[in-house]
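See structure below.
Just so we're on the same page: letters track the sequence lines, and every chain starts at 1. The basis for the numbers below is simple: all heavy atoms, side chains too, and nothing from hydrogens, waters or symmetry mates. Computed from a predicted structure; not experimentally measured.
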Amino acid sequence: MVSKPLHIKFKNQSTFNSSCGLCLNNACLIKRNLKALERSEIVNLKSTLPCKKGQQFIIEGAPVNGLFFILKGTVKVFRTGINGREQIVRFAKEGEIIGHRGFGTEEYYSIGAIALQDAVLCYFSKENLQDTLLENPKFAYDMMLFYANELNRSENKVKSISQMTVRERVIDTLLYIHRKFGDLRGFLNLPLSRKEYADYAGTTEEQVIRIFSSLKKEGLIKARGKKIAITDVQLLKKEISEHHYFLDT
DNA sequence: CCATTAAATTCAA
DNA sequence: TTGAATTTAATGG
């Protein structure tokens, strides 16, 4: 399966070159190991696919055939609960790996993934990746570090969901978005609906709206539609400090 | 949870 | 670029 459009036109904006050698994304594991991988076929066997905003590119329960790296854009990764409620597992940005949990022995994806903005994904087949990992210890080691990190993160999340109050979880979510995506002209650099905040924090849309309202009254945040500004990061951190060690990214 | 109104976003002319 | 149509936010029951 060799398909590689070299250039992908992107909504009247820039053009992205999908060849790893020219890629600017230094957060990417492949890119970082490019020297070690130069003898491998991996880079030639990848495919690059554009993905429109709102498009789901991993479906829960579908067979695992490979995994994705985000070249451009942001993505939400979620799992559907028993009553159809969505639990957002994480928000992922450029350079991150999606679908890795299904990689080892799992046959089917346990998560779904949707592009939050127009995105470009690099896709590597399972076989390709397996061959490369077997041949390349440095690359395999980096992958292992990545998995270890993910496990740590996921354990922290269990703790926060089970031990924090709703208000604390919402604040925690705001801080997570803030430190992962930063802000742009004072507003969080990732527009999310209240529903999405709720699905990450493990609560309901109404709760999020009401907590946002109190936070606004207290002067801790400002909101204009989907654009949220954190006016006092320190005070917010203080409110959840007893639970949190800020280990996750 | 649902209904209502206000506000914001999208879309196409 | 505008405003009409659609979606999302906010509040109160």
Worksheet item: For the residue pair A/Tyr123 and A/Phe57, is the inter-centroid distance of their aromatic rings smaller than 6.0 Å?
Response: no

CD of A/Glu96 to CG of A/Asn25, rounded to nearest 0.5 Å, is 10.0 Å

A/Asp118 atom CG is separated from B/dT10 atom P, nearest whole Å, by 11 Å

| task | Please assess A/Asn136 against A/Asn33 for the test side-chain hydrogen bond (donor to acceptor under 3.5 Å, both in side chains), listing each intermediate value before the final yes or no. | result | CA-CA 10 Å; A/Asn136 200 304; A/Asn33 285 287; over 6 Å; no

Going 5' to 3' through nucleotides 7-13 of chain C and flagging B where a protein heavy-atom sits under 4.0 Å of the base, S where only the sugar-phosphate is that close, and - otherwise, we get --SBBB-

Test side chain to side chain contact (heavy atoms under 4.5 Å, CB included), reference A/Cys122, set A/Ile97, A/Leu71, A/Ile30, output is A/Leu71

More than 12 heavy atoms of other groups within 6.0 Å of A/Lys222 NZ: no

